[in-house]
Number of protein chains: 2
Amino acid sequence: MYSPRMSTQEQPGPRERPGTRERLVRGTQELLWERGYVGTSPKAILERADAGQGSMYHHFTGKSDLALTALRRTVRDMAEAAEECLTGPGTAYDRVAAYLLRERQVLRGCPVGRMTQDREVVDSPELRAPLDEMFGRLRERIAEVLAEGQRRGELAGGLDPVACAATVAAVVQGGYVLARAADDTAPFDAAVRGVLSLLAAQVLPAAGLTG
Amino acid sequence: MYSPRMSTQEQPGPRERPGTRERLVRGTQELLWERGYVGTSPKAILERADAGQGSMYHHFTGKSDLALTALRRTVRDMAEAAEECLTGPGTAYDRVAAYLLRERQVLRGCPVGRMTQDREVVDSPELRAPLDEMFGRLRERIAEVLAEGQRRGELAGGLDPVACAATVAAVVQGGYVLARAADDTAPFDAAVRGVLSLLAAQVLPAAGLTG
DNA sequence: GTCTATATTAAGATAGAC
DNA sequence: GTCTATCTTAATATAGAC
């Protein structure tokens with residue numbers, strides 16, 4: 001029974017038009033990023049996905065169900081991008097810097113962080129869970145990288161990996177806020193530059209020159 | 001012609017019930033904080049202010065006009081609170097620490113920063129202006145405090161006051177995001193602790209012991 | 001200045017045909 | 001699986017009485 005439709009795990013390449021369900025998810029991802037949960041109406045989703053009312057309520061129980069699916073997808077994508085920076089080559093400082101300096105659409109804000117400003121999202125344990133897990137995991141990974149840097153003698157022993165990991169994650173999220181308020185990426189870049197200079201002061205001299 | 005009504009600059013004490021206009025502004029401040037701009041309906045405002053439709057459209061041209069008034073008020077209040085910390089006693093580090101550690105309702109988020117996630121706010125030059133001015137002024141003031149600390153020999157000369165000021169402001173705004181995602185104030189506190197420890201490493205030893 | 005209608009559009013979901 | 005009604009409630013604003 002061949003079918004051109006892909007499974008529910010559909011991940012088509014850019015060449016062919018995705019199925020209706022996939023278009024609904026992707027359209028919702030975009031709209032949640034642009035307008036948040038309250039600002040995203042089923043009507044707007046259907047228009048963007050080029051689908052009818054019936055399709056949405058066939059594949060999902062309603063707006064919150066669809067939003068949950070979209071949010072999980074977005075979180076997965078963001079977590080992968082962060083992990084790539086943090087597992088890259090170089091010292092602990094290099095890897096944290098790679099995360100801080102990675103390409104971002106700063107004025108559009110963070111697709112995940114944005115959701116924390118939505119009452120209906122944070123008030124729903126199900127919708128908040130993906131956010132919680134992503135930011136929790138992110139802070140853990142940064143803390144691990146920093147702690148590893150200490151063990152390798154790259155970073156000062158006095159540095160608190162858990163606290164500084166939260167600082168690094170907060171600088172990114174807060175940088176988005178400052179940039180959007182200014183309608184200018186400069187505050188984001190300045191905030192990143194500032195925390196990097198403070199971290200650089202924790203880098204021990206000549207640690208790698210023994211090899 | 002005596003009238004019990006106060007002027008348009010009404011600032012009544014806590015004892016007497018404010019006028020209708022004032023109740024509308026305060027109710028809108030609360031709702032914008034809780035639900036953002038899109039999530040705040042005229043109906044909800046009127047219920048909270050215990051006013052009728054007519055009152056709102058008598059005092060204001062509509063939702064955006066009332067929101068602008070409320071937003072300006074909120075911004076003014078926040079700016080005053082920040083300024084109080086930054087002009088307080090002690091070293092530059094002490095004053096920045098006072099700002100970072102001041103009492104906040106972390107899980108409710110920042111009433112000003114929250115607005116940057118609202119499409120209709122950042123897309124409106126008029127509504128975005130108060131946010132822009134407040135965060136711009138905040139970063140300026142922190143930068144001034146840090147630069148003054150350098151001149152006084154309290155802080156390392158290598159520190160970049162403008163960049164680090166953005167970092168400090170971003171840590172607060174990002175701390176809110178992380179805390180709301182976790183439904184726990186711990187990430188906020190950790191982020192503040194982290195940036196304070198990094199700043200403490202920039203404090204020059206024994207600067208004040210010469211007196 | 002404040003109130004109660006009223007109007008218009010959208011949000012969010014359901015029913016049932018195809 | 002998808003479509004087009006249809007439904008109910010809310011958002012936002014106007015009109016005009018008091």
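Because only heavy atoms are used, hydrogens play no part in the values below, and waters and symmetry mates are left out as well, while side chains stay in. Chain naming here is simple, since letters A, B, ... match the order of the sequence lines and numbering starts at 1 in each.
- In this structure, NE2 of A/H58 is placed 9 Å from C1' of D/dT2, rounded to the nearest angstrom.
- Put simply, CG on B/L46 is 11 Å from P on D/dA13, counting in whole angstrom units.
- Bending across the helix from C/dG1-D/dC18 to C/dC18-D/dG1, expressed as the angle between its end axes from five pairs apiece, amounts to 0° (10° rounding).
- B/K43 has its NZ atom 20 Å from the P atom of C/dT8, to the nearest Å.
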**OP:** Apply salt bridge (Lys or Arg N to Asp or Glu O under 4.0 Å) to the pair A/R95 and A/E144, showing each step before the final yes or no.
**Re:** CA-CA 11 Å; A/R95 281 178 283 161; A/E144 283 172 14; over 6 Å; no
Original post:
Could you go step by step and tell me if A/E34 and A/R48 meet the salt bridge (Lys or Arg N to Asp or Glu O under 4.0 Å) rule?
Top reply: CA-CA 13 Å; A/E34 293 170 16; A/R48 185 157 309 203; 2.9 Å; yes
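- B/D77 and B/T74 share no side-chain donor-acceptor pair at under 3.5 Å.
- With respect to the salt-bridge test (charged N to carboxylate O, under 4.0 angstrom), the residues B/R72 and B/E133 do not qualify.
- Side chains of A/T69 and A/T28 form no contact here, defined as non-hydrogen atoms less than 4.5 Å apart.
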Mind listing the N/O atom pairs, protein and nucleotides 12-16 of chain C, below 3.5 Å?
residue: C/dG12; atom: OP1; partner: A/K63; partner atom: NZ; Å: 3.3
residue: C/dG12; atom: OP2; partner: A/K63; partner atom: NZ; Å: 3.4
residue: C/dA13; atom: OP2; partner: A/Y57; partner atom: OH; Å: 3.3
residue: C/dA13; atom: OP2; partner: A/K63; partner atom: N; Å: 3.3
residue: C/dA13; atom: N7; partner: A/Q53; partner atom: NE2; Å: 3.4
residue: C/dA13; atom: N6; partner: A/Q53; partner atom: NE2; Å: 2.5

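- Between B/D50 atom CG and C/dT2 atom P the separation is 11 Å, expressed in whole Å.
- Evaluation of the salt bridge (Lys or Arg N to Asp or Glu O under 4.0 Å) rule for B/E83 yields B/R141 as partners, not counting sequence neighbours.
- The distance between atom CG of B/L24 and atom C1' of C/dC3, rounded to the nearest whole Å, is 14 Å.
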